[in-house]
Amino acid sequence: MNIPRTSSPRIVIIGGGFGGVALAKKLAKQEVQVILLDKNNYHTFQPLLYQVSTGGLEPDSIAYPIRKILKDFSNFYFRLANVEAIDTKKNKVVTNIGKLKFDYLVIATGSKTNYFGNSEIEKYSMAMKTIPQSLNLRSLILENFEAALLTSDLNERNALMNFVIVGGGPTGVELAGALAEIKKGILPKDYPDLDTRMAQIHIVQSADCILKGMSKKASEKAEEFLEKLGVNIWKNVRVTHYDGKTVTTNTDLAFETETLIWAAGVKGATIKGLDATELITRDNRLLVNEFNQVKGFEHIFAIGDIANMVTENFPDGLPMMAQPAIQQGEQLGSNLLRFIEQKPMKPFTFKDKGAMATIGRNKAVVDLKRFKFQGVFAWYVWMFVHLFFLIGFRNRMVVFINWVYNYVRFDREARLIIRPFKKNRKI
Ligand SMILES: Cc1cc2nc3c(=O)[nH]c(=O)nc-3n(C[C@H](O)[C@H](O)[C@H](O)COP(=O)(O)OP(=O)(O)OC[C@H]3O[C@@H](n4cnc5c(N)ncnc54)[C@H](O)[C@@H]3O)c2cc1C
């Protein structure tokens, strides 16, 4: 990989997401060599992916070049590489561009969509975990309306305008809210010759409420907001099959749809060589101790979504969210330096800052430790927090300007089919 060996200990980080970037920043300018490997040359701000899917934002406003984040640090190297395996005996990572030796390894590979073994749903549904997937979804949504215009078959037209979202967590809820706003504000203007009132948005949720991880009030209010926007919420229903046309469930309920969006869960993105069953816990995550050391290894660590750290308050592991990843990255930075200097490491404690979700214009729910609120103020808080955590001044400005523009004009100008997504259909 053309990276010189120096006298400084070499720390290899796999993944430039929330955890990997926080860690690399913490190690910048220290007496260590830091090598960050990622299969993309950009960091993705996943919480706003749904806005890319629904034409509210362009993808480049939620992505940021990893090299630029750490350009000022001479001890830092980035390589665009897909890590294929980890050789724990030889302390090497195996990638598509070659092998690399490490003294310390940090796995920050995040998670991937969990289809719970249902290969049929994996084949036909749409996921929203990456920017390319969000662009595919954006294209499909728009292509569906173009195709709906052309068909005289009523059933086919309805299926094209029927959107079924599986999963009533923050991703499903936010996406449903955005789609409902498109139906109300954009479709009648863009497709005056189509009866867009027939467009349907459904959330199918296996639990008895949406936003299950949040407070009862937040869940109830989110449901109320969505229902006012015309979203149909089906609780205690589990999707069992989808053949690309018909969604069936464990009840009598079935949907004819061209678009099934799978937002029902994620699982750890493990890598070969470090995926033995004794290391893996619930949701395919690597079991780590309070110092983020992977079970059975002193010099291999995992942070963020891929790491399953069990605590008293979180017996199933910390939530797969940005905050645990960032906090673990920062703390591991300090801990690695202590470890290298043979000083005792400090155990990680998660500072839970709460959770939030937006349900569209002027509507959000926010659960902080002490305060829980919903409505317009919550929406401002949601926007402020998301702008604050976006990486890069330009991205913050672009997102802010887009939001103001969209708010004032009731618009979403990024409704572009840049890279068509073909679902075996002529349009
Ligand atoms: C649609 C959506 C909405 C979300 N909304 C919220 C929200 O509102 N609030 C919140 O707190 N969290 C939210 N999350 C969750 C949050 O984004 C994740 O918890 C967070 O990104 C985890 O950070 P991470 O560093 O562990 O992994 P990630 O940020 O996922 O980064 C992993 C990195 O590893 C790289 N990688 C993976 N495998 C390899 C490999 N083999 N070789 C090289 N590189 C590799 C990837 O390219 C990626 O850059 C959302 C997630 C999604 C998908």
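Every value quoted in this text rests on a predicted model; they were computed, and no experiment measured them.
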Quiz item: Does Arg361 count as lying over the ring of Phe410, i.e. NZ or CZ under 6.0 Å from the six-ring centre, within 45 degrees of the axis?
Solution: yes
Exercise. Determine, step by step, whether Asn232 and Gln200 satisfy the side-chain hydrogen bond (donor to acceptor under 3.5 Å, both in side chains) criterion, reporting the C-alpha distance in whole Å, the side-chain angles of both residues, the deciding distance to 0.1 Å, and the verdict.
Key: CA-CA 8 Å; Asn232 307 300; Gln200 296 278 315; 3.0 Å; yes
Practice problem: Apply side-chain hydrogen bond (donor to acceptor under 3.5 Å, both in side chains) to Tyr407 and Asn362, showing your working. | Solution: CA-CA 9 Å; Tyr407 187 78; Asn362 292 336; 3.1 Å; yes
Exercise. Using atom types as modelled and distance alone, determine if a side-chain donor or acceptor of Asn289 lies under 3.5 Å from a backbone N or O of Val294.
Key: no
Quiz prompt | Short N-O contact, Arg138 and Glu58, less than 4.0 angstrom | solution = yes
Practice problem: Begin from the C-alpha positions of Asn162 and Thr257 and carry the test side-chain hydrogen bond (donor to acceptor under 3.5 Å, both in side chains) through to its verdict. | Solution: CA-CA 5 Å; Asn162 202 5; Thr257 180; 4.9 Å; no
Exercise. Start with the C-alpha distance between Ile182 and Leu187, add both sets of side-chain angles, then the distance that settles side-chain contact (heavy atoms from CB on, under 4.5 Å), and finish with yes or no.
Key: CA-CA 6 Å; Ile182 291 179; Leu187 295 183; 4.0 Å; yes
Practice problem: Measure from the side-chain N and O atoms of Asn395 to the backbone N and O of Ala63, and report whether any donor-acceptor pair falls under 3.5 Å. | Solution: yes
Quiz item: Is it the case that Lys129 and Gln46 place a side-chain donor and acceptor less than 3.5 Å from each other?
Solution: yes
Quiz item: Quick check: does any side chain N or O of Asn292 sit under 3.5 Å from a backbone N or O of Ala302, one acting as donor and the other as acceptor?
Solution: yes
Practice problem: Please name the pair of heavy atoms, one in Leu274 and one in Phe297, separated by the smallest distance, quoted to 0.1 Å. | Solution: CD1-CE1, 3.6 Å
Quiz item: Do Asn158 and Glu256 have side-chain N/O donor and acceptor atoms under 3.5 Å apart?
Solution: no
Quiz item: Parallel under 30°, tilted from 30 to 60°, perpendicular over 60°: which one fits the rings of Trp382 and Trp403?
Solution: tilted
Quiz item: Can Tyr242 and Tyr124 be said to form a side-chain contact (heavy atoms from CB on, under 4.5 Å), step by step?
Solution: CA-CA 7 Å; Tyr242 179 53; Tyr124 293 113; 3.6 Å; yes
Practice problem: Could you tell me whether Arg197 and Asp195 have a side-chain N and a carboxylate O separated by less than 4.0 Å? | Solution: yes
Quiz prompt | Distance-only polar pair, side chains of Tyr115 and Glu120, donor-acceptor under 3.5 Å | solution = no
Quiz item: So do Lys217 and Lys372 actually touch side chain to side chain, heavy atoms under 4.5 Å?
Solution: no
Exercise. Answer yes when Asp190 and Arg415 have at least one side-chain N-carboxylate O distance shorter than 4.0 Å, and no when they do not.
Key: yes
Quiz item: When Val106 is tested against each of Val12, Leu336, Ile14, Val34 for side-chain contact (heavy atoms from CB on, under 4.5 Å), which residue passes?
Solution: Leu336
Quiz prompt | Test applied, side-chain contact (heavy atoms from CB on, under 4.5 Å); reference residue, Phe291; option that passes from Gln331, Met345, Met309 | solution = Met345
Quiz item: Between CG of Leu229 and CG of Leu179, what distance do you get to the nearest 0.5 Å?
Solution: 11.0 Å
Quiz item: Does the gap between the ring centers of His202 and Phe163 come in under 6.0 Å?
Solution: no
Exercise. Decide side-chain contact (heavy atoms from CB on, under 4.5 Å) for Thr109 and Ile271; before the verdict, give the C-alpha distance in whole Å, the side-chain angles of both, and the deciding distance to 0.1 Å.
Key: CA-CA 9 Å; Thr109 46; Ile271 297 179; 3.7 Å; yes
Quiz item: Do the non-hydrogen side-chain atoms of Glu84 and Thr95 ever get within less than 4.5 Å of each other?
Solution: no
Self-check item: Donor + acceptor pair across side chains of Asp367, Ser215 (<3.5 Å)
Solution: yes
Self-check item: Partner of Val239 under side-chain contact (heavy atoms from CB on, under 4.5 Å), chosen from Thr248, Asn250, Asn118, Val247
Solution: Val247
Exercise. Indicate yes or no for a side-chain donor-acceptor contact from Gln205 to the backbone of Gly168 under 3.5 Å, with no hydrogens or angles considered.
Key: yes
Practice problem: Would you sort out whether Phe225 and Trp379 count as a ring-ring contact (aromatic ring centres under 6.0 Å, His included), showing the intermediate values? | Solution: CA-CA 12 Å; Phe225 288 150; Trp379 189 62; over 10 Å; no
Quiz item: Okay, side chain of Arg396, backbone of Ile391: is any donor-acceptor separation there less than 3.5 Å?
Solution: no
Self-check item: Stepwise salt bridge (charged side-chain N to carboxylate O under 4.0 Å, His left out) test for Arg285 and Asp316
Solution: CA-CA 11 Å; Arg285 299 167 86 188; Asp316 291 329; over 6 Å; no
Quiz item: Does the side chain of Ile261 reach to within under 4.5 Å of the side chain of Val164, using non-hydrogen atoms?
Solution: no
Quiz item: Just by distance, do the side chain of Asp38 and the backbone of Asn41 share a donor-acceptor pair under 3.5 Å?
Solution: no
Practice problem: Taking the six-membered ring for Trp and the single ring otherwise, decide whether the centroids of Phe145 and Tyr191 are under 6.0 Å apart. | Solution: yes
Quiz item: Can a salt bridge be assigned to the pair Arg394 and Asp60 using a cut-off of 4.0 Å between side-chain N and carboxylate O?
Solution: yes
Exercise. Output yes when Lys245 and Glu258 qualify as a salt bridge under the 4.0 Å nitrogen-oxygen rule, no when they do not.
Key: yes
Quiz item: Side chain of Glu223, backbone of Ile210: donor and acceptor closer than 3.5 Å?
Solution: no
Practice problem: Tell me yes or no: between the side chains of His299 and Asp103, is some donor less than 3.5 Å from an acceptor? | Solution: no
Quiz item: Hey, are the side chains of Glu227 and Val231 touching, using non-hydrogen atoms and a 4.5 Å cut-off?
Solution: no
Quiz item: Could you go step by step and tell me if Arg412 and Asn402 meet the side-chain hydrogen bond (donor to acceptor under 3.5 Å, both in side chains) rule?
Solution: CA-CA 8 Å; Arg412 284 169 177 264; Asn402 266 286; over 6 Å; no
Quiz item: Can you name the closest pair of heavy atoms from Thr171 and Ala263 and give their distance?
Solution: CG2-CB, 4.1 Å
Quiz prompt | N-O pairing of Lys184 and Glu181 below 4.0 Å | solution = no
Quiz item: How long is the span from the CD1 atom in Ile417 to the CD atom in Glu146, to the nearest 0.5 Å?
Solution: 5.5 Å
Exercise. Begin with the C-alpha distance, continue with both residues' side-chain angles, and end with the deciding distance and a verdict on side-chain contact (heavy atoms from CB on, under 4.5 Å) for Ile233 and Lys235.
Key: CA-CA 6 Å; Ile233 303 172; Lys235 291 178 282 187; 4.0 Å; yes
Quiz prompt | Main-chain N/O of Thr358 paired to Glu174 side chain as donor or acceptor, under 3.5 Å | solution = yes
Quiz item: Hey, are the side chains of Val399 and Leu390 touching, using non-hydrogen atoms and a 4.5 Å cut-off?
Solution: yes
Quiz item: Just wondering, do Lys267 and Ser111 contact through their side chains at under 4.5 Å, heavy atoms?
Solution: no
Quiz item: When the aromatic ring centroids of Phe45 and Phe18 are compared, is their separation below 6.0 Å?
Solution: yes
Quiz item: Are Thr270 and Asp275 close enough that a side-chain donor and a side-chain acceptor fall under 3.5 Å?
Solution: no
Practice problem: Verify, without hydrogens or angle tests, whether Lys183 (side chain) and Ala199 (backbone) share a donor-acceptor contact under 3.5 angstrom. | Solution: yes
Self-check item: Donor-acceptor pair between Asn136 and Arg419 side chains, under 3.5 angstrom
Solution: yes
Quiz item: In Å and rounded to the nearest 0.5 Å, what is the CD1 to CG distance from Ile66 to Asn40?
Solution: 7.0 Å
Quiz item: Under 3.5 Å, side chain of Ser61 to main-chain N/O of Val398, donor-acceptor pair present?
Solution: no
